[in-house]
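Keep in mind it's a predicted model, so treat the numbers as computed, not measured.
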Amino acid sequence: MKRDFERFIKGTCIDVSHEGKGVVKSNGEIIFCDGLFIGETADIEILYRRAGVLFGKVKKLYNLSNKRIQPKCKICSSCGGCQYQQLKYEEQLVIKTKRVKEALERIGHIKTNVNPCLGMEDPYYYRNKIQMPYGKDRKGNVFYGFYRQNTHEIIPVKECVIEDKRASSILWDIKELVKKHNIPVYNEDSRQGILRYVLVRTSYHFDELMIVLVVAKLNFPGQRNFIDALVKLHPEITTIVANENSRSTNVILGNKEKVLYGKGVIKDSILGCTFEISASSFYQVNPIQVEVLYQKALDLIDISNNEIVLDAYSGVGTIGMIASKNAKEVISVEINESSHRNAKENAKRNNIKNIEFYLDDAGKFIQNYNGKIDVVIMDPPRKGSDHKFLSAVMSRKIKKVIYISCDPETLARDLKELSQMYDVTYVQPVDMFPMTAHVETIGLLCLKDSKK
Ligand code: SAH
């Protein structure tokens, strides 16, 4: 196909896209470029056009932004996981706050104050969930790492600076044991082999650690000896689960599971409540900032003991259970079966009696539910909520809504719909994902005519 763009341009970065790429304008075109920050001028090679926008890479940098720092990780510019590791942390927070404000204005047509993003004291080694693909090179050496951005090529890595430090030596030793015990590493092209990914989940508040082996077949030769050797080497591992995934998709976990060692779950706690988490349950990845996030959300919504709260998109029931201490009753809705199961167990474990759990689509549930709801806490996945859910919230004239979102653009889209009947009265970004372009946001909404 004929190229419809100049291959090389020189330009200056004027903004940062929501994916964390530098934005350059040249000859009426917009170019997105990795690793280029505001004020920097560069020679750029244009690689391709997607949805009308050009994507390029830096060939030569003429000046460095004074917001840059030396990144801790050597592969941060090729792995694509950490878009902002080369920026001072204060600057990362400024960019995130701006992203939320701009998304609300541009997509949601909402002009409101956005509070400065709440950051971490130490923004490294925070992630409690680590997943790595394993591969084999031409010489037969086993390795693991991250996918190079937009590819399935694995870049070997020994330590990742945003992941819990306990994971790296385990991942390394698994590589050694895989060799020793002749466990075949999966090949994505030939679809042969066994081990695809290793997932490590760490508990922040308890000495518990889960390993999930994502394998093409649940039962594979040498399994017992491999597991025995692994737990002998790493007694900090409290459970090991095999998860079968033989499909060729980007989704890491499959549906079939077998517990190979321990209980198949680990526990962790948030603001004094303890939660059991299984291999496939959703659980917030930053155990320190999740407390900041939830505390802020609960302070803002200020639940009283005569109010009934709907916790929609509830995961393993975390925020609903914490909210139940101040509420009359909490109704929790979640679509994922294993999260729903964990949530019910979690309520028992915490001796919480004023909470009910429903396994359902949040939109379908709220449309069919006949009981009273005073307050909604909603925390949908990245794609946001839907018309079914939002229109039901509006037709019920629920007084207060807290929307927790991990994607400012879908948040803005949904708030635009809700702003027919709600005022957005408080917006607070929280940095759950330092070094990356991701940002979590809390939005408080109050029913328009309920305002005093
Ligand atoms: N509030 C939880 C979970 C948030 S993640 C926490 O803070 O930990 C979003 C959750 O929404 C996931 O658990 C996902 O399984 C669930 N979900 C996705 N689509 C849904 C839908 N249509 N209805 C209900 N839950 C859904």
Counting only heavy atoms not in Glu356, do more than 12 fall under 6.0 Å of its CD? no
Examine Lys344 relative to Phe357 and say whether NZ or CZ is less than 6.0 Å from the centre of the six-membered ring and inside a 45° cone about the ring axis. no
Pair Phe389 and Tyr313, ring centroids less than 6.0 Å apart: yes
Would you call the rings of Tyr48 and Phe55 parallel, tilted or perpendicular, taking 30° and 60° as the class edges? parallel
Please round to the nearest 0.5 Å and tell me the distance separating atom OG of Ser314 and atom CD1 of Ile319. 11.0 Å
Please walk me through it: do Thr318 and Tyr294 pass side chain to side chain donor-acceptor pair (under 3.5 Å)? CA-CA 9 Å; Thr318 44; Tyr294 284 2; 2.7 Å; yes
Any donor-acceptor pair under 3.5 Å linking the side-chain atoms of Asp228 with those of Tyr261? no
Mind listing the closest non-hydrogen atom pair of Ile252 and Gln131 along with its distance? CD1-NE2, 3.3 Å
Evaluation steps, side chain to side chain donor-acceptor pair (under 3.5 Å), between Asn351 and Lys353: CA-CA 6 Å; Asn351 203 17; Lys353 305 230 160 61; 2.9 Å; yes
Output, in order, the C-alpha distance, side-chain angles, deciding distance and verdict of side-chain contact (heavy atoms from CB on, under 4.5 Å) for Phe275 and Tyr283. CA-CA 9 Å; Phe275 302 99; Tyr283 193 75; 4.2 Å; yes
For Asp137 and Asn141, what are the C-alpha separation, side-chain angles and deciding distance, and is it a side chain to side chain donor-acceptor pair (under 3.5 Å)? CA-CA 5 Å; Asp137 66 15; Asn141 298 316; 3.2 Å; yes
Tell me, do Leu253 and Val214 make a side-chain contact under 4.5 Å, heavy atoms counted? yes
Could you go through the salt bridge (charged side-chain N to carboxylate O under 4.0 Å, His left out) check for Lys217 and Glu244 one step at a time? CA-CA 6 Å; Lys217 262 206 311 250; Glu244 185 176 295; over 6 Å; no
Pair Tyr403-Asp414, side-chain donor/acceptor within less than 3.5 Å: yes
Can you see which heavy atom on Asn115 is nearest to which on Pro429, and at what distance? O-CD, 3.0 Å
Exercise: identify the closest heavy-atom pair between Arg201 and Leu199: CG-CD2, 3.8 Å
Beyond-backbone contact of Ile183 with Leu177, side-chain heavy atoms, under 4.5 angstrom: no
Mind running salt bridge (charged side-chain N to carboxylate O under 4.0 Å, His left out) on Lys67 and Glu90 for me, showing each step along the way? CA-CA 9 Å; Lys67 307 280 168 33; Glu90 309 84 77; over 6 Å; no
Exercise: do Ser281 and Asn342 side chains pair donor with acceptor under 3.5 Å: yes
Determine whether more than 12 heavy atoms belonging to other residues, nucleotides or ligands lie under 6.0 Å from atom NZ of Lys256. no
Taking all heavy atoms of Thr436 and all of Gly81, pick out the closest pair and write down the distance. CG2-O, 3.4 Å
How many angstroms lie between atom CG of Asp386 and atom CD of Glu417, to the nearest 0.5 angstrom? 9.0 Å
Name the orientation class of the two ring planes belonging to Tyr358 and Phe365 (parallel below 30°, tilted from 30 to 60°, perpendicular beyond 60°). tilted
Pair Lys96 + Asp431, salt bridge at N-O below 4.0 Å: yes
Would you give the length of the straight line joining atom CE of Met432 to atom OG1 of Thr441, rounded to the nearest 0.5 angstrom? 11.0 Å
What donor-acceptor contacts under 3.5 angstrom involve side-chain atoms of residues 156-163, with partners at least two apart or in another chain?
unit_1: Glu159; atom_1: OE1; unit_2: Tyr125; atom_2: OH; d: 3.3

Report the distance from atom CD of Glu334 to atom CG of Asp311, rounding to the nearest 0.5 Å. 9.0 Å
Does any non-hydrogen side-chain atom of Met132 lie less than 4.5 Å from one of Tyr197? no
May I ask you to test the His18-Glu102 pair for a side-chain heavy-atom distance under 4.5 Å? no
Using only heavy-atom distances, determine whether the side chains of Asn336 and Ser338 contain a donor-acceptor pair under 3.5 Å. yes
Tell me whether the NZ or CZ atom of Lys10 lies within the 45° cone about the ring axis of Tyr62 and under 6.0 Å from its centre. yes
Looking at Lys88 and Glu91, does any basic side-chain N land under 4.0 Å from a carboxylate oxygen? no
Least distance between heavy atoms, Leu64 atom then Arg68 atom: CD2-NE, 3.5 Å
Closest non-hydrogen atoms of Met378 and Ser385, given as atom of the first, atom of the second and distance, are CE-CB, 3.6 Å
Supply the atom-to-atom distance Tyr144 OH to Lys175 NZ, rounded to the nearest 0.5 angstrom. 7.0 Å
Would you indicate whether Lys98, at its atom NZ, is surrounded by more than 12 heavy atoms from other residues, nucleotides or ligands within a distance under 6.0 Å? yes
Who are the side-chain hydrogen bond (donor to acceptor under 3.5 Å, both in side chains) partners of His152, not counting sequence neighbours? Glu188, Asn250
Spell out, as yes or no, whether a donor-acceptor pair under 3.5 Å connects the side chain of Asp361 to the backbone of Gly363. yes
